[in-house]
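Comments concern the structure below.
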Amino acid sequence: MAPGAKGFQGALLRVATRLTSGPFGKAAAWLVARGGPEAFAAVRTTAAVTELEGSAGPTVAATSARAHLDVRVALGETVERTVARLRRVVGDKQVEIEVATSSEPSEVSPSDGQQFTLLGEAIGAAYPDAVVVPSVLLSSSDARTFTPISDHVYRFSPFLMTREQRRSVHGAGERLSVDSLGRGVHFYREVLRKIPG
């Protein structure tokens, strides 16, 4: 993305790109993370508290507490190392950490070959000015269930969304513009048209 990015983010990405090889990979991730919440989530493991339970009322002292964290494990990390890090960060042996359900990060699909080219052509048909580059999906998807049967599993949404719209996904007020919906339909039509056979 570095060559096409502008301003401060572009400068960060260009420096990070130079640092990725060799012993400076962590420094590159640190630089990319400075690009904002979405850039941070692309290179780091994230954890969001989605449930809290404790006291039965505002004037009742809690005898125990429970929190549920939704953790997205970053590429290059494992569930086991992530849990170990959580234990270190909490630093209290009285706090029990239990993994309710888990899955390791999906394998990275190749960005060369016929499948990625087809995807790029369909993106170009819907968004002629788009620069097609591999990236990291910041949320969990059902795509991970396809990785045992294919090396080419691409997680992609063909809808142009503002940051506010992306934050509203799965929440109140989730929406798309009519133009974005139309371009998404055009993308899927192109994918189906281009599939060989």
Side-chain angles (χ1 to χ4, degrees), residues 1-6 9-10 12-14 16-22 25 28-29 31-33 35-46 70-79 81-82 101-163 165-170 174 176-197:
M1 292 186 284
K6 295 180 178 25
Q9 275 192 319
L12 279 178
L13 287 172
R14 284 186 283 284
T17 300
R18 286 189 219 107
L19 294 174
T20 54
S21 60
L31 277 174
V32 170
E38 291 175 336
F40 180 93
V43 295
R44 306 292 290 268
T45 293
T46 60
D70 185 9
V71 178
R72 188 193 58 81
V73 180
L75 290 174
E77 273 302 324
T78 65
V79 171
R81 286 198 308 253
T82 301
T101 61
S102 69
S103 62
E104 300 295 343
S106 299
E107 294 295 319
V108 176
S109 295
S111 58
D112 56 359
Q114 178 185 12
Q115 295 85 347
F116 194 81
T117 299
L118 181 150
L119 183 65
E121 289 171 357
I123 292 168
Y127 297 95
D129 296 332
V131 177
V132 178
V133 296
S135 186
V136 175
L137 182 68
L138 302 182
S139 59
S140 181
S141 81
D142 294 335
R144 67 181 176 270
T145 61
F146 293 102
T147 56
I149 60 172
S150 176
D151 293 331
H152 300 273
V153 180
Y154 300 102
R155 303 126 184 105
F156 177 74
S157 172
F159 304 110
L160 186 62
M161 300 174 80
T162 65
R163 181 174 284 172
Q165 288 171 324
R166 289 190 302 274
R167 286 184 187 145
S168 75
V169 172
H170 301 310
E174 181 176 3
L176 285 173
S177 71
V178 174
D179 178 63
S180 181
L181 178 62
R183 286 176 184 251
V185 170
H186 185 62
F187 164 82
Y188 284 118
R189 187 179 294 129
E190 285 297 306
V191 167
L192 293 173
R193 196 175 63 77
K194 290 176 179 295
I195 292 175

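When a residue number appears, it is its place in the shown sequence, counting from 1. Remember, it's a predicted structure, so these values are computed and weren't measured experimentally.
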To the closest 0.5 Å, what do you measure between [atom1] ([X]) and [atom2] ([Y])?
X: Gln165; Y: Leu176; atom1: CD; atom2: CG; answer: 6.5 Å
X: Glu121; Y: Arg193; atom1: CD; atom2: CZ; answer: 9.0 Å
X: Glu190; Y: Ile123; atom1: CD; atom2: CD1; answer: 12.0 Å
X: Glu77; Y: Leu75; atom1: CD; atom2: CG; answer: 10.0 Å
X: Leu119; Y: Lys194; atom1: CG; atom2: NZ; answer: 11.0 Å

Heavy-atom side-chain contact between [X] and [Y] under 4.5 Å:
X: Val73; Y: Thr78; value: no
X: Ser177; Y: Leu160; value: no
X: Gln115; Y: Ser150; value: no
X: Thr45; Y: Arg81; value: no
X: Ser109; Y: Phe116; value: no

The ring-ring contact (aromatic ring centres under 6.0 Å, His included) partner of Phe187 among Tyr127, Phe156, Phe159 is Phe156
For [X], what residues pass the side chain to side chain contact (heavy atoms under 4.5 Å, CB included) criterion, not counting sequence neighbours?
X: Phe146; answer: Ile149, Val153
X: Val133; answer: Met1, Val131
X: Pro148; answer: none

Q) Can any side-chain N or O of Arg144 pair as donor or acceptor with the backbone N or O of Ser106 at less than 3.5 Å? A) no
Tyr154 (side chain) donor-acceptor with Ala143 (main chain) under 3.5 angstrom: no
Check [X] against [Y] and note the closest heavy-atom contact, atom names and distance.
X: Ala74; Y: Pro105; answer: O-CG, 3.4 Å
X: Arg183; Y: Ala126; answer: NH1-O, 2.8 Å
X: Glu104; Y: Val79; answer: OE1-N, 3.0 Å

